[in-house]
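These notes concern the structure reproduced below.
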Amino acid sequence: MAKIQPRSFKGTRDFTPREMIPREALIDSIKSVFRLYGFSPLETPALEMLEVLSGKYGDEGEKLLYKLDYKNDKPRDRVALRYDLTVPLARVVASNPDWPMPFKRYQVQPVWRADKPQPHQGRFREFYQCDVDTIGAPEGIADAEIIALTVQMIRGLGFDEGDRTAVVQLNHRKLLEGLCTFAGLKKEQLSGFTRILDKLDKIGRDAVFKELGDLGVTDNHLEALGEVLAIDNTNVETLQALRERLAGIETAQEGIDSLFAILDYLSHLDVPVEAVNINPNLARGLDYYTGAVFETTLPRQPHIGSLTGGGRYDELIALYSGRDLPAVGTTIGLDRIFAAMEQLGMVDTGVGSVTRALIAAYSKEEIPAALNVLKAFRAAGLPSELFPTAGKLKKPFSYADKQGIPFVAVIGPDEAADPQNLKVSLKQLAKSEQAVVTVAEAIATMLDE
RNA sequence: GUCCGCAUAGCUCAGUUGGUUAGAGCGCCUGACUGUGGCUCAGGAGGCCGCGGGUUCGAGUCCCGCUGCGGACCCCA
């Protein structure tokens, strides 16, 4: 039989134990923060009806949907791989109108996008999202809680100083609408306007102004807009300055009021002021956002895209149920965070096994005794394994060394001499220390480490 | 979707103006070391030189196409 190439689909990855061990620790820590804020777990299927997903993500997003192609299917029976976790949530909530509100859920599952993968930027076709959302709570506290949770989690992971400082950028859709009006544009031009504005930090003011000019913004408007966007102060000062500059534009004032309120709640939650940045040019591409929008960036690592992204979407659920339900939430980009941590040397990939103790039998005669030791270790809660072949102690020792297993327990004729009082030669590899001890003593030593 | 670069051992790479049996380091296996990892030494296995075509007496090396990978843009987690 011809050998089949062991290729995998572009943009997908295998996670080896060396990667999965720190990755699972990361997931556990994310979930524990979610729970701490009172969110409960939810899972939804990988496959969704195409009509449920279609039209929610903007023109760019629509192209990235993985649509499954079946023969003889009817258009309304078509399915696609889920693109995010927010739309499936909206579908679940819309189909369970009797649930008490607010509904607070977290969800950690993979999503798929037919993008061009760029691993260095933390961009893949299959990747995990960790979403938290509060459904049925009006703008204000719930928004601040999501931001506070994001800050606590990201900083708790170590993104809190130097090159790994993370900042939550915060803006409001209504402020963006107001800026659009301020620039002399019509409401239909909002998405084009915000898309250009969003590039400000990347391509610079001049390039943005050129594109805005092409969109139809006059020179006078450009000049005024330039003055507004140049405001860069503390968050409160920035908002105050915007309030004055945008006097008379009602939507902008509403957005500014909302941001003031959120900042106030954040200060009561003891969120450090430097962890959040009011950023009037932050856009967010998804079409469904209606209020506050936010994302987490690493200002010193601009090639890595946003670590988290979210916002308020008060009109999405009504698309499925006809009932208005306000909602706010965010996505924690697990794979982005992991990629950033790897590049910043924050991940230990030196351990290839979860085993704490490897038991090695000197000869076949000691295997029954070794199995008894194995039972005792496991009963004490120590992840342990017996090396599958007896003799040649070099093999189990070399194996333990390569896998990063900290302890090897050797059992030979001497240690097994008294079946009523089994002993092992317990060696701690990192210290090169070895002693003949009873099984109980070995367990105590290892639990102590 | 647009642009640029790269493709030789499991990994990182070297390979002269095109010239005979294709190299190193790391890793892997065996032994020195018949109760013990790392360090050292000795030996060994492992290559359709990405795929297809072209130029040439001769191609890992030059040309074209394809595929894959990497990077930038767009967009995003």
Side-chain angles (χ1 to χ4, degrees), chain A residues 3 5-11 30 57-64 82-86 108-131 150 154 191 194-196 198-199 202-203 207 211 282-287 293-298 302-310 329-340 350 358 360-363 365-366 387 390-416 424-436:
Chain A
K3 193 169 75 179
Q5 292 288 321
R7 354 177 250 153
S8 47
F9 184 59
K10 185 203 276 268
I30 291 172
Y57 305 113
D59 294 341
E60 291 291 330
E62 191 75 18
K63 292 184 213 155
L64 302 181
R82 69 169 163 249
Y83 176 95
D84 70 358
L85 303 179
T86 306
V108 177
Q109 289 191 273
V111 303
W112 294 268
R113 295 182 190 177
D115 227 352
K116 182 178 174 179
Q118 296 200 195
H120 188 63
Q121 299 176 6
R123 179 205 201 96
F124 309 95
R125 284 184 175 168
E126 178 185 69
F127 58 97
Y128 269 70
Q129 292 196 326
C130 313
D131 274 35
T150 303
I154 289 289
S191 71
T194 56
R195 192 163 303 154
I196 296 167
D198 191 47
K199 295 192 247 178
K202 256 189 186 168
I203 64 176
E211 289 192 35
L282 169 68
R284 307 282 312 146
L286 300 183
D287 279 0
V293 290
F294 31 82
E295 64 181 42
T296 306
T297 59
L298 294 172
H303 66 278
I304 299 174
S306 52
L307 262 35
T308 80
T330 194
T331 297
I332 309 292
L334 176 71
D335 293 279
R336 280 275 164 85
I337 290 172
F338 197 74
L358 178 69
Y362 172 67
S363 63
E365 282 64 45
E366 287 82 38
F387 198 77
K392 290 259 185 195
L393 291 176
K394 186 186 175 101
K395 284 190 175 182
F397 272 92
S398 172
Y399 171 76
D401 186 51
K402 284 171 191 157
Q403 294 286 58
I405 297 170
F407 291 96
V408 176
V410 178
I411 182 155
D414 298 343
E415 292 86 345
V424 294
S425 287
L426 184 69
K427 183 165 189 178
Q428 185 170 6
L429 297 196
K431 293 184 182 167
S432 272
E433 286 173 4
Q434 181 167 325
V436 180

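Residue numbers start from 1 in every chain, and the chains themselves are labelled A, B, ... in the order their sequence lines are given, proteins ahead of strands. Only this structure's heavy atoms are used, side chains among them; waters, hydrogens and symmetry mates stay out.
In RNA chain B, runs of at least 3 stacked Watson-Crick or G-U pairs (N1-N3 plus N6-O4 or O6-N4, or N1-O2 plus O6-N3, all under 3.5 Å) give these stems: B:1-7 with B:67-73, B:10-13 with B:23-26, B:28-32 with B:40-44, B:50-54 with B:62-66.
Remark: Q121(A) is in phosphate contact with rA72(B), judged by side-chain N or O atoms under 4.0 Å from OP1 or OP2.
Nucleotides of RNA chain B nearest to K392(A) and G11(A) differ in position, and the one nearer the 5' end is that of K392(A). The nearest heavy atom of RNA chain B to S398(A) and to F9(A) marks one nucleotide each, and the one closer to the 5' end goes with S398(A).
Within 4.0 Å (heavy atoms only), E415(A) reaches at least one base atom of the nucleic acid. Across all strands, L334(A) comes closer than 4.0 Å to no nucleic acid atom at all (heavy-atom distances). Nucleic acid contact class of F124(A) (heavy atoms, under 4.0 Å, all strands): base. Contacts of P396(A) with the nucleic acid, taken as non-hydrogen atoms under 4.0 Å apart, are absent. Residue contacts shown for K402(A) are limited to sugar-phosphate atoms, with no base heavy atom under 4.0 Å away. Residue contacts for G122(A): at a heavy-atom cut-off of 4.0 Å it reaches a base atom on one of the strands shown. As judged by a 4.0 angstrom heavy-atom cut-off over every strand, S432(A) is placed among the base-contacting residues.
Comparing atom distances between the K116(A) side chain and each of rG1(B), rG38(B), rC74(B) picks out rG1(B) as nearest. Checking rG35(B), rG37(B), rA72(B) against the side-chain heavy atoms of S425(A) singles out rG35(B) as nearest.
Side-chain atoms of K427(A) come within donor-acceptor range of the base of rG37(B), with a qualifying N/O pair under 3.5 Å.
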